[in-house]
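Right, one structure below, let's go through it.
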Amino acid sequence: MKIFDSPSALAQGVADAFLSDVRAALDARGVFSVALAGGTTPKAAYELLASEPRRDLADWTRTQIFFSDERCVPPESPESNYRMALSALLKPARVPGSNVHRMRGEADPNQAAQEYADRIVAMLGNEPRFDLVMLGMGTDGHTASLFPGADPFWKDDSLVRAVYAAKLQAYRLTFTPALINAARHVIIAAEGMAKAPVLAAVTNGPYEPGRYPVQCVKPRDGKLDWFVDRAAASQLGST
Ligand code: 6PG
């Protein structure tokens, strides 16, 4: 776990880890595949990646951008994770449109999930392995759109699922643990006091992925990094 002094230091850490993965992937395979996280935490890191000096340290023409989850809304919706990434990163970094693979939140959820899984296989092969999967964590211990109390589909080997998030009364599209855990590198970023209790529970408490789905993130043959700020880490010593 990497603990940063502030949200801005955390954002810099995430952006620099992203660039380190870009270099490793381009050296090894000539292409970098990444699944972006949604929510609000990663936005600052995306903005850093889209600005000097970091923008030109990446190679956006050899980067394939996916999303680890999406709300079932149109891309122009303020709720859309794609929309947030478009304004924070994709547009200012001038990422070629053909390199951006959007989950179609506006479509039928099950159809969109299957379509996205097909797209991932078409781009990465039958055993898709992302160079980097970026995730956040909710105050309830969810990650991507794997919510507490959901069917234990993480024992399923599907790649992308449509889930109904009862708490939100909304459908979501999400990577499954099988796909997440195939990654070479997973970064879970969490910041703020509100995340402190759940971070302590998932870090120091028992393994209960049905209650805290983020605990099912265990890359099979890859690296997991938690990037957190001091506020989110403030209760780690107390459990
Ligand atoms: C989403 C995300 C979700 C997010 C967490 C944390 O679609 O909202 O994928 O899993 O990462 O809810 O969200 P914040 O970064 O806004 O706290």
Side-chain angles (χ1 to χ4, degrees), residues 1 7 10 14 34-43 45-46 66-73 77-85 103 105 109-110 112-113 116-117 130 132-156 158-183 186-219 224-229 231-236 239:
M1 181 175 286
L10 169 61
V14 171
V34 58
L36 300 180
T40 56
T41 301
K43 188 165 187 277
Y46 297 162
F66 292 78
F67 294 80
S68 49
D69 81 327
E70 185 55 281
R71 291 82 181 276
C72 288
V73 295
S77 163
E79 285 296 300
S80 165
N81 287 336
Y82 164 78
R83 183 175 182 267
M84 181 276 279
M103 287 180 161
N110 286 303
Y116 204 68
F130 279 87
L132 175 60
V133 171
M134 302 175 76
L135 298 171
M137 178 182 65
T139 54
D140 59 357
H142 82 260
T143 192
S145 285
L146 302 168
F147 289 94
D151 301 339
F153 54 76
W154 50 76
K155 296 185 178 57
D156 182 346
S158 61
L159 301 174
V160 182
R161 300 284 292 198
V163 297
Y164 184 71
K167 175 178 165 185
L168 304 170
Q169 294 189 319
Y171 274 92
R172 292 280 192 100
L173 299 170
T174 185
F175 275 19
T176 61
L179 181 55
I180 293 168
N181 289 332
V186 179
I187 293 176
I188 305 174
E191 68 185 27
M193 286 303 287
K195 304 287 173 78
V198 68
L199 185 61
V202 303
T203 306
N204 300 333
Y207 179 64
E208 300 175 282
R211 182 176 177 195
Y212 300 119
V214 72
Q215 289 184 320
C216 65
V217 177
K218 291 173 177 278
L224 169 59
D225 278 319
W226 280 89
F227 281 25
V228 302
D229 70 350
S234 59
Q235 294 186 19
L236 284 179
T239 57

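We're numbering straight along the sequence, starting at 1.
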Q) Taking side chain as C-beta onward, heavy atoms only, is Phe227 less than 4.5 Å from Thr41? A) no

Q | Residue pair Gly138 / Val198: nearest heavy atoms and the distance that separates them | A | O-CG1, 3.7 Å

Q) To the nearest 0.5 Å, what is the distance between CG (Asp225) and CE (Met134)? A) 11.5 Å

(Q) Has Asn110 got a side-chain atom pairing as donor or acceptor with Ala162's backbone, closer than 3.5 angstrom? (A) no

Q) Considering only heavy atoms from C-beta outward, does the side chain of Gln169 approach that of Tyr164 to under 4.5 Å? A) yes

Q. Looking at side-chain heavy atoms only, is the closest gap between Ser145 and Leu173 below 4.5 Å?
A. no

Q: Could you tell me how the ring of Tyr82 sits relative to the ring of Phe67: parallel (under 30°), tilted (30 to 60°) or perpendicular (over 60°)?
A: perpendicular

**Q.** Sidechain-backbone polar pair: Thr143 side chain, Gly136 backbone, donor-acceptor under 3.5 Å
**A.** yes

Q | Minimum heavy-atom distance between Phe147 and Pro213, given as atom pair plus value | A | C-CG, 3.5 Å

**Q.** Tyr212 side chain near Met137 side chain, heavy-atom distance below 4.5 Å
**A.** no

Q: Can you measure from CG (Asp69) to CE (Met103) and round to the nearest 0.5 angstrom?
A: 6.5 Å

Q | Donor-acceptor pair, side chain of Ser68 and main chain of Leu135, under 3.5 angstrom | A | no

Q: Please round to the nearest 0.5 Å and tell me the distance separating atom CG of Leu36 and atom CG of Leu132.
A: 8.5 Å

Q) Can you tell me how far OG1 of Thr203 sits from CD of Gln235, rounded to the nearest 0.5 angstrom? A) 11.0 Å

Q. Which heavy atom in Ser77 sits nearest to a heavy atom in Arg83, and how many Å separate them?
A. O-CD, 3.0 Å

Q. Are any non-hydrogen side-chain atoms of Val217 and Asn181 less than 4.5 angstrom apart?
A. yes

Q. Closest approach of Ala190 and Ala232, non-hydrogen atoms and distance?
A. O-CB, 3.8 Å

Q: Calculate, to the nearest 0.5 Å, the distance between atoms CG and CE belonging to Asp229 and Met193 respectively.
A: 9.5 Å

Q | Thr139 side-chain N/O to Lys195 backbone N/O, donor-acceptor pair under 3.5 Å | A | no

Q: Could you check if a side-chain atom of Arg71 sits within less than 4.5 angstrom of a side-chain atom of Ser80, using non-hydrogen atoms only?
A: no

Q | For the student: nearest non-hydrogen atoms of Ala144 and Arg172, plus distance | A | O-NH1, 4.4 Å

Q: List the atom of Ala37, the atom of Pro42, and the distance in Å for their closest heavy-atom pair.
A: O-CG, 3.7 Å

(Q) Would Glu191 and Val228 count as a side chain to side chain contact (heavy atoms under 4.5 Å, CB included) here? Give the steps. (A) CA-CA 5 Å; Glu191 68 185 27; Val228 302; over 6 Å; no

Q | Phe66/Phe175 aromatic ring centres below 6.0 Å | A | no

